[in-house]
Amino acid sequence: MTPMNDLPKSSSANPDHAADTHDFTYRFKLPDGSVKQVAIKLDARTLTMIPKQRDIYPEWTILSHSKCGNCTLKESTSPRCPVAVNLVDLISLFYESASYDRAVVEVTTPERTYVKEVSMADGISSLIGIYMVTSGCPILGKFKPMVRTHLPFSSWEETLYRTLCVYLLAQYFIDKAGKTPDWSMKNIQDITEEINTVNSAFCARLKETHLQDASLNAVIRLDCFATMTSGFLCKDRIDELKPLFDAYLT
């Protein structure tokens, strides 16, 4: 038997060989045998998307085109919507896909691979969520840390749980920075309402591309999650999770 100390070390365990990027690959295997593949590269430290450069961008990417009512970006410094810019190739790839079409979606992350047969809307929703929070939108970027532990095809309960954990960790860093943390989580509802506004406006932007409904419904699914999260917190249902933490309370 090979001694444990003699086993080769993986590059991920060695900080001297840390990857510069945090990569995801989505492969959609369609019933006709064709495959649509999307490779995503994020900066490993910031999780900001590393964009693919284009010479020409469609008109619907212009910032003022169906601009979100709560957008804080200025056209002088951001002439185009950063989310729209990064989504151009993705929208083109799935331009003719319908929500009800089925596909076997294989998602490769730095840690593992997930495979599930889902509707195109479900598969694209999982994918488009990465794009929307890592593209540089100051509002959607509040949930960018969730991409570090991206969980494809997650249930509403799983995503809610991860959202709350990320929000509380953000408060820890806010506290360390000498600012006022929101330990009661009263402000998270404001964030989800802001995201609702962005998602609704982005749907309006996509409608003008006259694409099939899969990509559009993918954004709508993300908007539904934000609405459900807001409702969960508004009704103080968060206490339903309390029994999970009995070990901390005894």
Side-chain angles (χ1 to χ4, degrees), residues 42 46-49 51 54 56-92 94-95 99 121 124-147 156 159-160 162-164 166-167 170-171 174 179-182 184-235 238:
L42 308 177
T46 65
L47 292 182
T48 298
M49 182 167 287
R54 295 170 58 101
I56 300 175
Y57 289 93
E59 184 178 348
W60 61 270
T61 63
I62 296 175
L63 185 67
S64 59
H65 197 90
S66 298
K67 185 178 180 179
C68 303
N70 56 348
C71 181
T72 58
L73 298 176
K74 297 182 179 180
E75 294 174 34
S76 57
T77 54
S78 299
R80 296 186 183 275
C81 168
V83 178
V85 165
N86 281 334
L87 278 175
V88 170
D89 290 336
L90 185 68
I91 296 301
S92 298
F94 294 104
Y95 188 83
S99 292
I124 297 173
S125 180
S126 180
L127 172 60
I128 208 171
I130 299 176
Y131 276 78
M132 296 192 76
V133 301
T134 64
S135 291
C137 171
I139 295 172
L140 299 178
K142 296 288 180 62
F143 286 151
K144 181 170 68 171
M146 292 179 66
V147 175
W156 174 71
T159 307
L160 175 66
R162 292 170 59 238
T163 299
L164 297 177
V166 164
Y167 185 78
Q171 305 318 303
I174 289 173
K179 301 180 181 180
T180 304
D182 174 29
S184 65
M185 297 193 292
K186 63 180 180 181
N187 294 330
I188 193 172
Q189 184 176 343
D190 294 335
I191 292 177
T192 57
E193 290 175 355
E194 290 282 307
I195 290 174
N196 271 331
T197 299
V198 172
N199 287 343
S200 296
F202 205 82
C203 282
R205 183 187 293 268
L206 290 182
K207 283 181 180 178
E208 298 194 21
T209 66
H210 304 293
L211 76 170
Q212 288 285 348
D213 63 348
S215 296
L216 188 60
N217 283 341
V219 178
I220 292 173
R221 285 180 60 82
L222 294 173
D223 189 46
C224 287
F225 165 73
T227 300
M228 292 170 70
T229 302
S230 179
F232 185 95
L233 297 170
C234 182
K235 295 177 181 178
I238 194 170

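Since this is a predicted model, take the numbers as computed values, not measurements.
- Here the closest heavy-atom approach between residue Ser135 and residue Pro82 is recorded as O-CB, 3.3 Å.
- Contact detail for Leu73 and Lys67: the closest heavy-atom pair is O-NZ, 3.3 Å.
- In this structure, the separation between CD1 on Ile191 and CG on Asn196 is 12.5 Å, given to the nearest 0.5 Å.
- Annotation: side-chain hydrogen bond (donor to acceptor under 3.5 Å, both in side chains) contacts of Asp190 (sequence neighbours excluded): none.
- Here the closest non-hydrogen pair linking Ile174 and Thr180 is CG2-O, 3.6 Å.
- The line from CD1 of Ile139 to CD1 of Ile195 is 8.5 Å long, rounded to the nearest 0.5 Å.
- Ser200 places no side-chain N or O within donor-acceptor distance of the main-chain N or O of Thr197, the cut-off being under 3.5 Å.
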Leu63 vs Arg80, side chain to side chain contact (heavy atoms under 4.5 Å, CB included): CA-CA, chis, key distance, verdict: CA-CA 4 Å; Leu63 185 67; Arg80 296 186 183 275; 5.7 Å; no
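- The shortest heavy-atom contact between Met146 and Arg162 is O-NH2, 2.8 Å.
- Pro145 approaches Val166 most closely through the heavy-atom pair CB-CG1, 3.8 Å.
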Arg54 and Val88: CA distance, side-chain angles, deciding distance, side chain to side chain contact (heavy atoms under 4.5 Å, CB included) verdict: CA-CA 10 Å; Arg54 295 170 58 101; Val88 170; 3.4 Å; yes
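- The CG atom of Asn86 lies 10.5 Å from the OG1 atom of Thr61; values are rounded to the nearest 0.5 Å.
- Here the closest heavy-atom approach between residue Arg205 and residue Trp60 is recorded as NH1-O, 2.5 Å.
- Between atom OG1 of residue Thr159 and atom CZ of residue Phe143 there is a gap of 10.5 Å, rounded to the nearest 0.5 Å.
- Remark: Tyr131 OH to Asp89 CG distance equals 7.5 Å, nearest 0.5 Å.
- Side-chain N/O atoms of Ser184 and Asp182 include a donor and acceptor closer than 3.5 Å.
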Evaluation steps, side chain to side chain contact (heavy atoms under 4.5 Å, CB included), between Phe94 and Leu127: CA-CA 12 Å; Phe94 294 104; Leu127 172 60; 4.1 Å; yes
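- Expressed to the nearest 0.5 Å, how far CZ of Phe202 lies from CD1 of Ile128 amounts to 6.5 Å.
- Scored by the side chain to side chain contact (heavy atoms under 4.5 Å, CB included) test, Thr48 finds Thr46, Lys144 as partners (sequence neighbours excluded).
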Check against side chain to side chain contact (heavy atoms under 4.5 Å, CB included), Ile188 and Thr163: CA-CA 10 Å; Ile188 193 172; Thr163 299; 4.2 Å; yes
